[in-house]
Amino acid sequence: MSIHVTLPDGSVKEVAEGTTPAEIAASIGKRLARDAVAAEVDGRLVDLTAPLPGDCTLKLHTGATPEGLDVLRHSAAHLMAQAAKRLFPEVKVAIGPATEEGFYYDFDTPRPFRPEDLEAIEHEMERLAREDLPVVRQEVSREEALTLFASQGETYKEELIRELPVGETLSVYRQGDFVDLCRGPHVPSTGKLRAFKLLSLAGAYWRGDEKNAMLQRIYGTAFADREALEHRLHMLEEARKRDHRKLGRELELFSIDEEVGPGFVIWHPKGALLRTVLEDFERREHLKRGYQIVMGPQLLRKELWERSGHYDNYRENMYFTEVEGQTYGIKPMNCLAHMFIYKSKLRSYRDLPLRFFELGTVYRHEKSGVLHGLTRVRGFTQDDAHLLCTPEQLQDEITGILAFVKDVMDRFGFSYEVELSTRPEKSIGDDEAWERATEALRQALQTHAIPYQVNEGDGAFYGPKIDVKLKDALDRRWQCATIQADFTLPERFDLTYVAPDGERRRPVMLHRVILGSIERFIGILIEHYAGAFPTWLAPVQAVLLPITDRHIPYAQKVQGILRSRGLRAELDDRNEKLGYKVREAQLQKIPYMVVVGDKEVEQEAVSPRLRSGEARNLVPLDEFVRQLEEEATAHLR
RNA sequence: GCCGGGAUAGCUCAGUCGGUAGAGCAGCUGAUUCGUAAUCAGCAGGUCGUCGGUUCGAGUCCGAUUCCCGGCUCCA
């Protein structure tokens with residue numbers, strides 16, 4: 001008998017004896033025996049106490065490996081359920097998985113949990129962990145499982161079991177008085193759980209369906225050791241500090257006021273400037289790539305929305321207004337006007353592809369509970385484009401857009417993931433068109449070897465889409481760029497072009513955005529940079545700090561020079577000490593704090609201080625202007 | 001939309017048992033003219049989210065409502 005053992009650190013050992021992974025871990029070392037949480041036998045994740053077959057490959061996991069951490073967190077979820085049931089015997093448990101960040105468990109409770117309950121449950125968890133209860137796997141038949149959970153009144157578990165095929169063998173895990181339906185694996189005993197924390201309370205629908213009962217969810221996180229847990233808690237705290245809603249106010253970028261309307265953003269001077277810089281960047285990038293800038297109206301006749309299918313499929317999100325017996329819909333999307341540009345004259349295949357770009361402001365009535373700072377609003381501007389091309393050109397156009405997305409995301413240093421979303425239940429168009437559109441998107445991803453996940457039924461109502469999800473500072477994923485293939489709207493609006501053979505053909509339409517919505521993207525940017533925007537984006541690039549009143553004229557002169565070069569320079573001429581002005585500029589995260597005093601005036605120089613704290617002394621004025629100009633235009637090259 | 005929590009000065013927050021509101025920062029005025037993260041003094045600032053109820057009396061208790069926060073569902 002010989003067993004290849006891969007240790008958590010990646011090293012490999014050859015072991016001759018052993019009946020369980022736990023035994024083998026113990027034979028290798030005390031530390032490993034203590035830290036191991038699960039094992040992988042011939043690629044299958046199992047309990048440490050699972051019997052080993054003769055010859056096999058074995059991989060031992062601790063909380064340091066992704067698989068081990070998952071097991072640890074899943075076990076922490078069980079521990080939490082056990083603690084909750086002990087303190088509140090009348091609660092019923094639903095499901096409690098590990099997540100990317102930690103774990104949660106959903107409960108049905110006679111009264112909602114309160115924050116102080118979390119503390120009590122956490123203490124109980126600590127007690128149960130100290131008791132080091134063995135966690136035991138038991139295989140039972142479907143019928144035995146049903147009887148077991150029915151006898152405990154666990155109706156949610158019953159419902160889950162009933163959906164499994166008759167005759168199936170299931171596994172349950174016991175720890176002390178608590179038993180849970182679970183595939184496993186789990187840590188061998190509760191003492192393995194040494195670092196966990198309950199984080200928040202929330203409502204969650206049973207099985208994620210809005211029509212089902214609302215359960216009480218408790219979120220928590222767990223790590224292999226205290227240190228890793230503390231690090232995570234520290235990161236959460238850091239993330240809170242860079243919340244774009246907080247920074248948006250502190251940096252005077254924007255506000256959202258109840259009196260004005262929830263979900264409607266008011267851009268203050270600095271925010272509007274930031275937004276303008278971003279929009280200018282976008283216009284330039286689009287023109288470079290052969291797009292044409294267009295603009296459509298905010299209101300379009302209701303009949304048009306009926307023809308496009310928006311009225312049937314998107315009405316509950318639309319605002320309507322009626323004047324003199326005519327009903328107009330405020331646009332929730334920009335495509336219709338673009339189609340009318342296409343239709344305004346006879347198009348030849350020689351004209352295609354056509355790429356219409358619009359910074360299009362749209363209004364969507366989002367449900368009240370979903371609004372969130374800049375990232376979920378009711379009025380927003382999309383960097384929207386509609387590409388009209390022949391079916392033969394479709395691949396190249398999609399590829400071009402994917403390259404565009406990459407270029408732009410690289411500019412901001414964002415990583416992202418790609419998803420392919422297929423036909424939803426509520427949709428227009430025939431199966432064949434959907435199939436062709438989906439295939440076109442898939443082909444483009446495959447030929448460029450772009451890894452992607454499939455998101456069944458998550459497409460737009462008029463076509464499938466490629467979604468790009470970028471990751472923000474809180475490691476939340478945000479949908480920004482999306483590419484949607486559409487064979488249906490060209491049909492509904494009878495778009496045609498003249499083919500080489502003189503026949504009228506139907507063009508394909510691509511809907512796409514790169515940043516998604518300017519509002520959302522800026523919200524993400526604020527958190528990404530923690531408000532310290534790179535110089536090219538910073539609303540204020542330099543602030544002049546005269547040391548006393550007699551240095552103000554020189555500071556004004558420098559400001560004038562910078563402004564004449566298109567650089568965004570402010571002057572802090574308040575009667576305050578330098579330290580005070582530096583502090584404020586630092587808090588405003590202005591890239592350059594330019595100190596001017598006697599020496600600078602005398603030498604026609606400046607002493608710039610960076611946000612990092614680095615101070616440069618007496619840089620010749622023309623040299624500083626040149627450097628700043630170079631930095632501020634980096635994005636144009 | 002759903003579950004839970006919350007709303008006091010521009011901001012961050014205190015306000016005990018129901019007895020008519022307080023701090024720091026910001027603002028204003030004055031003094032100070034200063035070299036890299038807060039100079040000093042004075043002044044002003046509030047329909048306690050809104051509406052209704054209980055009470056001799058409500059920031060405080062009850063109800064409704066609006067908005068916000070944490071999630072769920074939905075989504076750019």
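Throughout, protein chains are lettered first and strands after them, A, B, ... in sequence-line order, and every chain is numbered starting at 1. Keep in mind that the numbers below use all heavy atoms, side chains included, and drop hydrogens, waters and symmetry copies.
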Kindly say if [X] contacts the phosphate of [N], meaning a side-chain N or O under 4.0 Å from OP1 or OP2.
| X | N | answer |
| --- | --- | --- |
| A:Arg245 | B:C69 | yes |
| A:His372 | B:C75 | no |
| A:Tyr592 | B:U36 | no |
| A:Arg550 | B:C34 | yes |
| A:Lys465 | B:A76 | yes |
| A:Gln382 | B:A76 | no |
| A:Tyr580 | B:C25 | no |

Taking the six-membered ring for Trp, are [X] and [Y] ring centroids under 6.0 Å apart?
| X | Y | answer |
| --- | --- | --- |
| A:Phe113 | A:Phe107 | yes |
| A:Phe521 | A:Phe414 | yes |
| A:Phe103 | A:Tyr105 | no |

Within the 4.0 Å heavy-atom criterion, would you say [X] contacts the bases, only the backbone, or no part of the nucleic acid?
| X | value |
| --- | --- |
| A:Gly579 | sugar-phosphate |
| A:Val513 | nothing |
| A:Arg217 | sugar-phosphate |
| A:Glu576 | base |
| A:Glu600 | base |

Scan side-chain atoms only and decide if [X] and [Y] contain a donor-acceptor pair under the 3.5 Å cut-off.
| X | Y | answer |
| --- | --- | --- |
| A:Arg275 | A:Thr381 | yes |
| A:Tyr554 | A:Glu602 | no |
| A:Gln216 | A:Thr109 | no |
| A:His244 | A:Glu527 | yes |
| A:Gln484 | A:Thr482 | yes |

_Stacking between B:A76 and A:Phe380, yes or no? Criterion: centroid separation under 5.5 angstrom, plane angle under 30 degrees._
yes

Name the closest nucleotide to the [X] side chain, picking from [options].
| X | options | answer |
| --- | --- | --- |
| A:Ser607 | B:U36, B:C3, B:C34 | B:U36 |
| A:Val370 | B:U39, B:A37, B:G1 | B:G1 |
| A:Ala202 | B:C75, B:G35, B:G71 | B:G71 |
| A:Leu587 | B:U73, B:A37, B:C72 | B:A37 |
| A:Met214 | B:A37, B:A76, B:G71 | B:G71 |
| A:Val595 | B:U36, B:G1, B:U33 | B:U36 |
| A:Lys599 | B:G35, B:C2, B:A37 | B:G35 |
| A:Gln216 | B:C3, B:G27, B:C75 | B:C3 |

Distances under 3.5 Å only, N/O to N/O: pair up the protein atoms with those of nucleotides 6-13 of chain B.
residue: B:C11; atom: O3'; partner: A:Arg249; partner atom: NH2; Å: 3.4
residue: B:U12; atom: OP1; partner: A:Arg249; partner atom: NH2; Å: 3.1

*Euclidean distance for P, B:G35 against B:U16 (whole angstrom)*: 47 Å

*On a whole-Å scale, what distance lies between the P atoms belonging to B:G59 and B:U50?*
11 Å

*Which base, if any, makes a Watson-Crick or G-U wobble pair with B:C25, both distances under 3.5 Å?*
B:G10

*Distance-only donor-acceptor test (3.5 Å): side chain A:Glu366, base B:A76*: yes

*Kindly indicate whether the side chain of A:Tyr104 and the base of B:G71 share any N or O donor-acceptor pair separated by less than 3.5 Å?*
no

Tabulate protein N/O versus nucleotide N/O from nucleotides 63-67 of chain B, keeping only pairs under 3.5 Å, one per line.
residue: B:U66; atom: O2'; partner: A:Glu258; partner atom: OE2; Å: 2.8
residue: B:C67; atom: O4'; partner: A:Glu258; partner atom: OE2; Å: 3.3

*Once the angle between the rings of A:Tyr363 and A:Phe264 is folded into 0 to 90°, is it parallel (under 30°), tilted (30 to 60°) or perpendicular (over 60°)?*
tilted

_Assess the residue pair A:Tyr462 and A:His511 against the criterion (ring pair (Phe, Tyr, Trp, His ring centres under 6.0 Å)); give the C-alpha distance rounded to whole Å, side-chain angles, the decisive distance to 0.1 Å, and a yes or no._
CA-CA 10 Å; A:Tyr462 47 78; A:His511 309 243; 4.3 Å; yes

